4 protein chains.
Amino acid sequence: MSDRRARRKQQLLEAAKAVFEEKGYVAATVDDIVGRVDVARGTFYLYFDDKLAVFEALVESFMAALGQCIVSIDLTPGAPSPRDQLRANLRRVVELAVGDPAMVKIALSTAMGVDAGLDEKLSVFYGLLRQFMDETLETGQRLGIVRSGPRGPMLSIALGGMEGLLLDAVSGAVDSDVDELVESVMRFLESGLLDRPRA
Amino acid sequence: MSDRRARRKQQLLEAAKAVFEEKGYVAATVDDIVGRVDVARGTFYLYFDDKLAVFEALVESFMAALGQCIVSIDLTPGAPSPRDQLRANLRRVVELAVGDPAMVKIALSTAMGVDAGLDEKLSVFYGLLRQFMDETLETGQRLGIVRSGPRGPMLSIALGGMEGLLLDAVSGAVDSDVDELVESVMRFLESGLLDRPRA
Amino acid sequence: MSDRRARRKQQLLEAAKAVFEEKGYVAATVDDIVGRVDVARGTFYLYFDDKLAVFEALVESFMAALGQCIVSIDLTPGAPSPRDQLRANLRRVVELAVGDPAMVKIALSTAMGVDAGLDEKLSVFYGLLRQFMDETLETGQRLGIVRSGPRGPMLSIALGGMEGLLLDAVSGAVDSDVDELVESVMRFLESGLLDRPRA
Amino acid sequence: MSDRRARRKQQLLEAAKAVFEEKGYVAATVDDIVGRVDVARGTFYLYFDDKLAVFEALVESFMAALGQCIVSIDLTPGAPSPRDQLRANLRRVVELAVGDPAMVKIALSTAMGVDAGLDEKLSVFYGLLRQFMDETLETGQRLGIVRSGPRGPMLSIALGGMEGLLLDAVSGAVDSDVDELVESVMRFLESGLLDRPRA
DNA sequence: CATGAATGAGCCTTCATTCAT
DNA sequence: GATGAATGAAGGCTCATTCAT
């Protein structure tokens with residue numbers, strides 16, 4: 001039954017996720033993974049070509065989910081304000097992250113440098129994300145919603161800031177309440193960290 | 001001949017830095033390192049206990065340098081404004097990073113998850129950095145220089161943002177002009193990304 | 001349903017023959033075989049004890065067929081000349097070989113060294129063949145049809161020569177016209193390769 | 001010292017030769033090989049890239065030696081008769097074979113089908129050998145030394161016959177006296193197996 | 001009869017580390 | 001100090017074979 005197969009594959013994916021989170025990709029062994037599901041080593045290879053394949057499956061599906069969270073700002077009259085749409089995007093991303101802490105750690109701390117092929121895919125993904133955000137920012141600048149100035153550093157800081165916040169949230173360094181996280185980011189985007197500089 | 005020893009050790013450290021940057025800690029082999037210095041494999045072990053030791057030496061010295069960059073805000077009358085002191089701190093960090101791109105990549109992309117012992121040390125370092133910044137922020141809030149509100153998320157975003165910016169700078173995604181990088185961060189801290197929300 | 005069984009078994013035998021020819025015994029997998037018949041892996045084991053069993057079945061049936069091709073020289077008066085009987089033997093062997101090129105390749109290139117048990121059986125078969133030929137040669141020598149001298153090397157060369165010719169025929173290195181092959185061998189047996197040595 | 005290395009490599013080559021002869025390439029394990037020399041498994045990989053590499057080294061050096069045995073027939077006046085030169089070629093080949101029985105078994109029974117790359121090299125070698133012999137035969141035919149007729153089958157039979165004889169010689173099925181082996185082949189080449197057919 | 005998921009022994013290969021020279 | 005040959009633990013992967021359905 002393909003049902004059985006699907007279940008087994010899911011078990012292996014989850015076991016792999018846990019193992020990768022705990023030990024990192026390289027230290028993780030196929031034995032660790034199958035040990036968690038209590039199946040033989042060979043079984044693993046019935047479902048994945050090799051160790052890298054599970055890792056890729058995990059990261060890619062997470063990246064796909066992340067991609068789903070982010071939708072273009074709708075500028076048609078009657079649509080919610082860009083600010084609210086941005087907040088909605090943020091909220092979806094934060095919810096995704098908070099709902100799958102292990103994947104956040106895996107994707108953000110161990111995914112790069114694991115394999116040339118995967119690195120390439122991740123780079124492409126990050127590149128697309130960055131480009132998408134860049135276009136959004138450009139539109140925002142035209143509309144006077146986003147402060148003017150070179151967008152490159154803004155993007156790097158904003159994306160890095162999100163990564164930092166999410167990582168700290170899932171690792172318990174900051175409270176992982178979705179509303180609070182979203183508002184924190186919004187405040188940072190809106191007013192930065194320092195109080196209004198005089199003049 | 002302690003001079004000779006020191007030079008050899010330095011050669012090995014630099015070779016290791018280059019190799020770690022190129023291949024990541026795990027994929028890097030002791031052979032790669034000694035091959036660059038054109039020295040026998042056994043020689044490596046005359047200078048370092050094991051592979052992890054070089055890595056730690058590199059990361060720790062970088063962390064130490066980083067620690068030197070950051071000095072407490074001097075509130076005595078007559079000292080430069082806190083804003084200028086913050087900017088000076090930032091500038092030192094950015095200069096350090098831009099001056100040693102390889103270490104930035106190593107410390108920020110491959111350092112975590114490599115080894116339990118190293119992870120611990122890094123955590124401690126990050127924890128101290130975070131705590132120091134937290135106290136700084138607290139002072140800032142008391143003085144009305146830093147916007148009020150929970151500091152945890154602010155810290156996570158700010159530190160993550162710095163990481164993101166520095167990584168993108170050393171990898172060429174954004175221009176690595178020190179002044180521009182410093183000003184970008186300052187603007188982000190001062191006004192965020194979005195323009196003044198109306199009302 | 002013993003008919004159905006027989007058909008299935010035949011399908012598997014033919015699939016195995018093709019796979020063994022292409023990849024050799026060791027590289028061939030049970031999966032390759034069942035994949036060709038589009039049958040599940042377990043099914044294979046309903047018809048054969050193990051991988052070696054199919055191989056043996058193939059080789060043994062080929063050896064049996066080969067054995068059928070070779071009949072003792074009939075010396076009764078009125079029988080065809082020994083030369084013609086030899087030619088007839090040869091023709092049957094050549095026809096068998098040309099009609100089943102895959103088995104020729106399998107039996108002559110990959111059969112030895114595969115498995116101790118099979119090696120034993122092959123050795124026995126070759127031994128019997130050799131012994132039979134030896135007796136035939138002896139008779140021939142007594143009748144003055146076969147040149148005198150030690151028969152061992154003659155046998156080795158003649159049998160090896162046949163193998164070489166048949167292998168080259170089925171692999172396309174020499175033309176595989178039955179008549180031509182038979183006559184080539186006859187000429188070799190009758191006059192060797194070199195022209196009449198002078199004096 | 002490179003001396004030590006050379007000795008070790010030689011030991012491993014000889015151990016590998018023995019193992020390949022006994023078990024065949026595929027059944028042979030690197031463990032079998034190092035076990036014979038009583039070194040650790042890793043040591044093997046200091047001298048050869050992988051299991052295939054030793055095998056290739058063995059086969060190629062044997063093929064090279066074989067190539068050395070065969071020299072073109074010298075037709076200049078005053079040179080020994082072509083027949084004697086042929087005999088000398090034969091003798092060198094036989095001596096090589098008798099002096100290294102294991103390699104004969106390896107090269108003639110297990111070398112094909114082991115690896116695509118090696119197969120290619122062997123095919124090229126056999127092809128060259130065949131072509132060389134073909135040219136020699138052609139010259140012989142022009143000079144009236146070699147019987148006329150299509151050379152393809154003659155070559156297949158002669159080469160196959162040699163293989164058969166050498167294999168049987170090294171495996172003890174026929175006496176391995178060099179002179180006798182050479183003369184057996186010469187007789188076969190000169191007069192075939194059957195006695196002079198009448199008329 | 002047929003299926004195909006599961007098993008697990010076994011092999012190849014890598015590489016950090018040691019140590020005799 | 002320096003060398004580099006040797007070690008051997010460890011892990012990825014394959015595939016013949018079994019067995020519950």
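These numbers come from a predicted model, not from an experiment. Residue numbering restarts at 1 for every chain, and letters A, B, ... go by the order of the sequence lines.
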*Asks:* Between D:Phe62 and D:Lys17, is there a cation-pi geometry (under 6.0 Å to ring centre, at most 45° from the normal)?
*Replies:* no
*Asks:* Pairs in or reaching into residues 35-49 of chain B: which pass side-chain hydrogen bond (donor to acceptor under 3.5 Å, both in side chains), with residues at least two apart or in two chains?
*Replies:* B:Glu22-B:Arg36, B:Asp31-B:Arg41
*Asks:* Starting from the 5' end of DNA chain F, give me the residue, B:Ala40 or D:Ala40, whose nearest nucleotide shows up first.
*Replies:* B:Ala40
*Asks:* According to the Watson-Crick and G-U wobble definition with distances under 3.5 Å, which dot-bracket string, read 5' to 3', encodes DNA chain E, using [ ] for crossing pairs and | for pairs with another strand?
*Replies:* .||||||||||||||||||||
*Asks:* Calculate, to the nearest 0.5 Å, the distance between atoms CG and NZ belonging to D:Leu46 and D:Lys9 respectively.
*Replies:* 11.5 Å
*Asks:* Should A:Tyr47 be listed as having a side-chain N or O under 4.0 Å from OP1 or OP2 of E:dA6?
*Replies:* yes
*Asks:* Rounded to the nearest angstrom, tell me the gap between atom CG in C:Asp38 and atom C1' in E:dT3.
*Replies:* 12 Å
*Asks:* Quick one: what's the B/S/- string for nucleotides 10-16 of chain E, heavy-atom cutoff under 4.0 Å, read 5' to 3'?
*Replies:* BSBBBSS
*Asks:* Could you state the interatomic distance from CE (B:Met63) to CG (B:Leu128), rounded to the nearest 0.5 Å?
*Replies:* 11.5 Å
*Asks:* Does F:dA6 have its OP1 or OP2 closer than 4.0 Å to a side-chain nitrogen or oxygen of D:Arg5?
*Replies:* no
*Asks:* For A:Gln11, give me all partners under side chain to side chain donor-acceptor pair (under 3.5 Å), at least two apart in sequence or on another chain.
*Replies:* A:Arg8
*Asks:* Do B:Lys51 and B:Phe44 form a cation-pi contact, if we require the NZ or CZ to be under 6.0 Å from the six-membered ring centre and within 45 degrees of the ring's axis?
*Replies:* no
*Asks:* What is the distance from CG of B:Leu12 to P of F:dA2, rounded to the nearest Å?
*Replies:* 10 Å
*Asks:* Take the protein atom CD1 of A:Ile33 and the nucleotide atom P of F:dG12, then report the distance between them rounded to whole Å.
*Replies:* 8 Å
*Asks:* Output all residues satisfying ring-ring contact (aromatic ring centres under 6.0 Å, His included) with C:Phe20, sequence neighbours left out; order by chain, then residue number.
*Replies:* C:Tyr25, C:Phe55
*Asks:* Can you name the side chain to side chain contact (heavy atoms under 4.5 Å, CB included) partners of B:Glu14, sequence neighbours left out?
*Replies:* B:Gln10
